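See below for the structure under consideration.
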Amino acid sequence: MAGSGASHLNTSKLNLGVLRDYYRRLFLECIDKCSGTKALVWDDGLTGPFGLIAEASLLKDQHEVEKMFRLHSSGLPASNVHNIIFIVRPRLCLMETVAQCLLNEEIKGGAVRKEFHLLFVPRKSLLCEKKLKEKGVYGSLVNVDEFNLGLIPFDSDLLSMEMDDAYRECYLENDFTCLFYAAQSLMILQALYGTIPYIYGKGDGAKQVVEMLRKMKMETGGVEPQITPQIDNLLLIDRNVDLLTPLLTQLTYEGLIDEIFNIKNTNVKLPPQKFLTAEEKKNVKEEALEEPKKFILNSADELYAELRDKNFNAVGGIVSRKAKTITAEFDERHAAKTVGEMKQFVSKLPHLQAARASLATHTSIAELIKEVTDSDEFLDALRCQQELTHGLETDKINPYIEDCIAKMEPLSKVLRLICIQSFCNDGLKPKVLDYYKREIIQAFGFEHLVTLCNLEKGGFLRPHSTKSYQTIRKTLRLIVEDVNEQNPNDIAYVYSGYAPLSVRLAQFLARPGWRSITEVLNMLPGPKVEEVQQIPMGLRKRRASVTSSQSSMGEQKLTLVFFLGGVTQAEVAALRFLAQQDDANTGVPHDYIVGTTHILTGSSLMGELTVDLKRYRADGVPLY
Amino acid sequence: MATADWNPLGEFYYRKAEVYSMEWSGLVDIAKHTVAVSTYGGPIALLKDESKTSRVATVAKPVISVYSAAGKLQNQMRWNSGNIITMGWSGTEELLFIQEDGVVLVYDMFLTFKRTFGMGQEAKDIKILEAKIFPSYQGTGIAVMTTSFRIFLTSNIDSPRIVRLAEIPGLNEAPACWTVVLLDRQPRALVAKGEELFLVDQGGQYQNQRPDLSENSGAIIAMAVSFNSKFLALFTQQGLIWIGTSDIQKKYCEFNTKSFQPPQQLVWCGNGAVVGLWDKLIVVVGPDKDWIRYNMDSPVYLVQEEDGLRIIGNDSHEFLHKIPAVTEQIFKIGSMEPGAVLYEASKEFQKQNQKADEYIRMIKDKLDVAVNQCIQAAGHEPEPTIQRMLLRAASFGKCFLTDYRPEAFVNMCMMLRVLNQVRHHSVGIPLTFTQLEHLSMPVLIDRLVLRKMFGLAVKICQYLKIPDSEGRSRILAHWACFKVQQKSEDEEKLARTISQKLVDVPGVSFSEIASQALELGRKQLAIKLLDYEPRASEQVPLLLKMGQDQAALTKAIDSGDTDLVYTVLLRLRDKSSQDFFMMIRGMPIACSLFIQYCRQQNIKLVEDLYYQEDNSWEEGNCKIIRSYSLDDVEERAKLLEDAMNCFLRCKNDFLAKQTEEQIKLIRYQRKLETDTGRSYADQSLQKTLYQLTVEGNHNMAEKFKKEFKVPDRRFWIMKVYALAESGDWIELDKLSRTKKAPVGIETFIDACMKNKNSLEAKKYLSRVPPELKVKCLVRVGLFREAAEAAIESKSEEDFDYILSRLGSAERQVADQVRALRPQLAIRK
């Protein structure tokens, strides 16, 4: 299980392994509180994140975890462990399930007296505890605890809180819990890596988080972490500041995988046919062919680390070049004549084989993606997006969008396009907006009246307002012509010609500073925040002296860019691109790591706001 | 002469020196009081029982006074509870009174009542005879002996758990003496019965032990355990003092006092000598039968300390202690120890005498030892002038050492500075260096706080650079709590004074101070103070407790901690649902969170809430959502009508119109279902049209189109695909020949291909406009023809498009197409 290894976490400037170890220790302490054999009962939404913190084998071998179950209302499978630990997110619907399980167990009884524990991730919640009390099962729990899992290290430069509904909760329902969690995670981060001296932010959410941070700092009673700051700047970007970017189709390798197949906690499930050899296909039964194949995507895989942030059009070239080198390396065995040479070759073999396997995997994934990206639907949609972002005919009803509705293409695709049009036209004329709305209701169903309301509340759709898009576009150079997809020289390559606004903000902050774009910042929604946290003299970074051999390294600035309300893989790619673009271009080397409430795509963002009748009917889950 | 007051006792020397001349001199006669003194230089409690001393029988209750070790009155009170058996101090300088009925009352040193607890039912029922207060590993313990000669004890008065000790067999009269010893970390009682000793423990075990006493020495009538509980002294009827270990296994000596009178007090001086007090005579007996006697001028009271003995008299407070080895090494006459020589050298140096050099040369090799000795000796020295001389000597010696680490010297200077401060009679804590080491600095600071000497405590903390969280902040918090108790002060002013001092002090818990104020019934003050609390999680519950609902809610919201907001919201809702809505109305965040909560419970609740808020738009939305949970079409229509009215109320005509159409649609759908027997439930209009067309119900579809004003183009696209799906190729062909068709012919081709009918698709190819030709040819899979068309129109772009689509073509065709590529260049 590559995800369990942590070696890929400490390759960047900031050793995120430290954070992972911190969580791991905390979690093990939590489960070690009860002695004896245990079974862990997992909320489905948590298995992914926890796989990144503590692997199953460790729990089994050293912490007496004998069984792992999925939390399900049908109850728990039989087991004879002493302790049952429910590990759940603080959600009311999950409490129902937990209660059901507990009641079932009570009826069953059993030879071994079991003790039940409940571990909330990331925090205890009053409402949930109340619910359990109402259900009359709270007393059956020996222990109700919390495990404050905030930012989960995904990669050496990527942290995510994996709060899938963060955008909706925060911006639609005014429930700022996720901002509070974000602030708490930032406090933990500062405790481990030192106080971050400079904080910048844009947007309402950013302002709130900065205020919470200030309060939390006061609450700690002036006990500052006694560590030299390892992170120089924190940039908080509220998703509301840039809603356009996530709506566009990401064109990096990783972005496309996410757009098409949906990456979840760095795992992706793909249709299996491409990954079986001819032989396997013959032997394997029909059902196995249906079962999707699971892959872990992180930079532990060398090839993936190289490919993930490339424009998809550049992936083919790299893959075939890689194929050639690997074949060449395999061919070395023919050249090896002496025993010593053979030995050397054999020692390289495992690495080579892994590389070859990875190459095969990514060739297949690329083929799967290409099937989609070559389709007319994809290309036409992309063309439509580009026309809109260029500001062409954005004030009229777009015939392509109209056709998409008529042909009942996926709702999320339609909504994305309309929202893009709304942004690029600084809102839509009432006539146009009402037309679209009526079309959507007639085509996709009346319930989407509420979906459309949500989009209006979130600012995705709005009536015509003052012109600003053109100014923003020009000042921030959002549209870049002749972008080089193979050897990019600008972040715009991640959307083949569109530079993500959010990342431009980060870029301008680093150089020449936000003062140069005051006008644009004022046009973007929400306030601008700047805050300096005083660092005691002794902990400040020493100015690297001229004679110091490491002077250039010493001055490298590390910025944590934190997206409140989600970030796309393409934006992450753009920031990684900036981090590599150091001295040659600007003279000021700048490194970035990314933090986020969750990772999103345009579709998942639309999904958060869409009314889903099926879900409503099936589980009685409240809509949106 | 430094050694003038040294008295030899065996191989050691003892010194008795005055610590304070008592402030109470002339006012207090110790002989007329029951005395209790706290160890480690603690305060003195005096109990004067008039009823016992007065010749006339009075009913007057006893008077209790507490003095500092320097004899300064702290407070006085008249006792008004039950009969006091024993009075004593706990390790944290609380004054304990144990009453006849086993009730223990705890006071602070200013005689403020703190708490009370009992020593068990049996003690209460049959009364107690005697009680002992002893230091235990858990804190301070109390042991009581009941009138039935049973012993009960608790080893920690802070969380009293009473245990009964084993019974002593055959004990039917009160023992002459008993005490508590700590053996194996556990308190046990040692009870004398005639010449025998019984050791009883909590496990119900007893051991009968017979100390190794000479014949005919008589019954044991007094005993004393040393400070460290390791040694024991016994006094017998025949005037013999027996000294041994507390487990009675070892005897050091027997000393005959020739007094048949038991001493008033039998105590230990440190752990090295036993002291007996007879009226004004003090006899010190060493373990080797050596002895010293002191005649006192007035009656005295003796207090055992870790490293000596405090002698409290009417006029003075003296300290008797063994001369520490290092002091002896330096000051003993004729000592040639390096320290002694260095001390001399330093003195000569100050006199500018060259002998200094000579002396230094003598001890050149052992200079470090000498310096250390001087530093240590300074620590044990009570007199500041001598301390200074010793330190000066150390400092002088240090000059000759190259790599001597200065920490020890600096630390000692700092410790002495603190010690001299607290020893000053205005503070009155006569602590020795050894005692301070044992007590530790934090405890000393606590003790200053207990004495309400906040300023001095803060100064000491700052001087010693103790972190604020353990030092200054903590002290100031205590100070604030103390301030809060002073009811005479104006609340407004008090709140300001406290906040001014504390607001920039990190780590002070304002909520603690506030709850203190609340306990004292000063609500307004509490509210004011609470405003300064930075931790919302502490602040909010207290605000709720005080009924400051609005403030609690605001603070909870400000904190961003949603769980805290819910705590307040639910509490408020349970309290009064009427005011509740009014209250949260003006608070959007509280509102949203409450709605969020309701949404998870029941959407109807949310609806009501929006209704209360006059938010018709959201109310309408809720109704729409809820309508989907209803099965009956008319019920659903009814609810949608309500929703429509909501939208009309907020003048959103668009939404109202859409809702109206939906009502119409579901009614039509219902009717269709009855007519055709097919289900159309929950289908969108477009899907309904599609289904109708697939089913061939074109008339109905047309009717719907008109009724709902479906745009032509969308209707056509729907129709084309629906016809293709139903395989009605004739109808499809007919449709394609309609004049002024709003859709292009390519749609027909696409629809055919979607249903995998390339034969039908190809029929339309001839009518494709030239600019779409290539695309359509590719769509039907005619790649070669497409390539040719592209060459015809000289379109490189089209050709590339064909190439990109070749993936799905057969290999042969693909090769053919690729082979055509050069032609494109030629034609150009």
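Just so it is clear, the values below take in all heavy atoms, side chains as well, and ignore hydrogens, waters and symmetry mates. First the proteins, then the strands, lettered A, B, ... as listed; each starts at 1. Being a predicted model, the structure only gives us computed values, none of them experimental.
Interface remark: of the candidates A/His448, A/Met212, A/Glu371, A/Glu447, A/Glu447 forms the most heavy-atom pairs closer than 4.5 Å to chain B. Counting heavy-atom pairs closer than 4.5 Å to chain A, the top residue among B/Arg713, B/Met718, B/Lys687 is B/Arg713. Ranked by heavy-atom pairs under 4.5 Å with chain B, the list A/Thr177, A/Val209, A/Leu179, A/Leu452 is led by A/Thr177. No other option in B/Phe654, B/Tyr801, B/Tyr690, B/Tyr597 has as many heavy-atom pairs under 4.5 Å with chain A as B/Phe654. In terms of heavy-atom pairs under 4.5 Å with chain A, the best-connected choice from B/Leu685, B/Asp563, B/Asp558 is B/Asp563. With respect to chain B, the highest number of heavy-atom pairs below 4.5 Å among A/Gln208, A/Arg91, A/Gln184, A/Met408 belongs to A/Met408.
For the pair A/Thr451 and A/Val611, the tightest heavy-atom approach, listed with the atom from each and the gap, is OG1-N, 3.1 Å. Across all non-hydrogen atoms, the minimal contact from B/Arg667 to B/Ala637 is NH2-CB, 3.5 Å.
Figure legend: A/Lys407 and B/Tyr721 shown without cation-pi pairing, the cationic atom not lying both under 6.0 angstrom from the six-membered ring centre and within 45 degrees of its axis.
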Salt bridge (Lys or Arg N to Asp or Glu O under 4.0 Å) between B/Glu660 and B/Lys664, worked out: CA-CA 6 Å; B/Glu660 193 186 349; B/Lys664 209 155 67 181; over 6 Å; no
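Of the two parts of B/Leu689, neither the backbone nor the side chain holds a non-hydrogen atom closer than 4.5 Å to a non-hydrogen atom of chain A. Proximity to chain A (any heavy atom under 4.5 Å) is shown, for B/Lys709, by both the backbone and the side chain. Residue B/Leu640 touches chain A through its side chain alone, counting heavy-atom pairs closer than 4.5 Å. Looking at A/Tyr181, there are no atoms closer than 4.5 Å to chain B (heavy atoms on both sides), in backbone or side chain. B/Gln596 touches chain A through its side chain: at least one heavy atom from C-beta onward sits under 4.5 Å away, while N, CA, C and O do not. Looking at A/Phe446, the atoms closer than 4.5 Å to chain B (heavy atoms on both sides) sit in the backbone and in the side chain alike. Contact annotation for B/Lys775: only side-chain heavy atoms (C-beta onward) come within less than 4.5 Å of a heavy atom of chain A. Looking at B/Phe594, neither its backbone nor its side chain comes within 4.5 Å of chain A, counting heavy atoms on both sides. With a 4.5 angstrom heavy-atom cutoff, A/Leu379 touches chain B only via side-chain atoms. Within the 4.5 angstrom heavy-atom criterion, atoms from both the backbone and the side chain of B/Thr659 approach chain A. Contacts of A/Leu92 with chain B are made by both backbone and side-chain atoms, with heavy-atom separations under 4.5 Å. Within the 4.5 angstrom heavy-atom criterion, no atom of B/Val743 approaches chain A. For chain A, the nearby part of B/Trp617 is the side chain; its heavy atoms alone come within less than 4.5 Å.
Sorted by first and then second residue, the salt bridge (Lys or Arg N to Asp or Glu O under 4.0 Å) pairs with a member in residues 434-443 of chain A read A/Lys437-A/Glu456, A/Arg438-B/Glu661, A/Glu439-B/Arg714; sequence neighbours excluded.
For the atom pair CG (A/Asn454) and CG (A/Leu172), the distance works out to 4.5 Å, reported to the nearest 0.5 Å. The distance from atom CD of A/Gln442 to atom OG1 of B/Thr688, rounded to the nearest 0.5 Å, is 10.0 Å.
Using a 30° and 60° split on the angle between ring planes, B/Phe704 and B/Phe708 fall in the tilted class, from 30° to 60°. Ring-plane geometry between B/Phe748 and B/Trp716 is classed as perpendicular, the angle between the planes exceeding 60 degrees on a 0 to 90 degree scale with a lower cut at 30.
Partner B/Cys622 forms a side-chain contact (heavy atoms from CB on, under 4.5 Å) with one of B/Val606, B/Leu609, B/Ile595 and no other, that one being B/Val606.
Judged by distance alone, the side chains of A/Asp238 and A/Tyr171 do bring a donor and an acceptor atom under 3.5 Å apart.
Contacts of A/Lys370 classified as side chain to side chain donor-acceptor pair (under 3.5 Å), with partners at least two apart in sequence or in another chain: A/Asp374.
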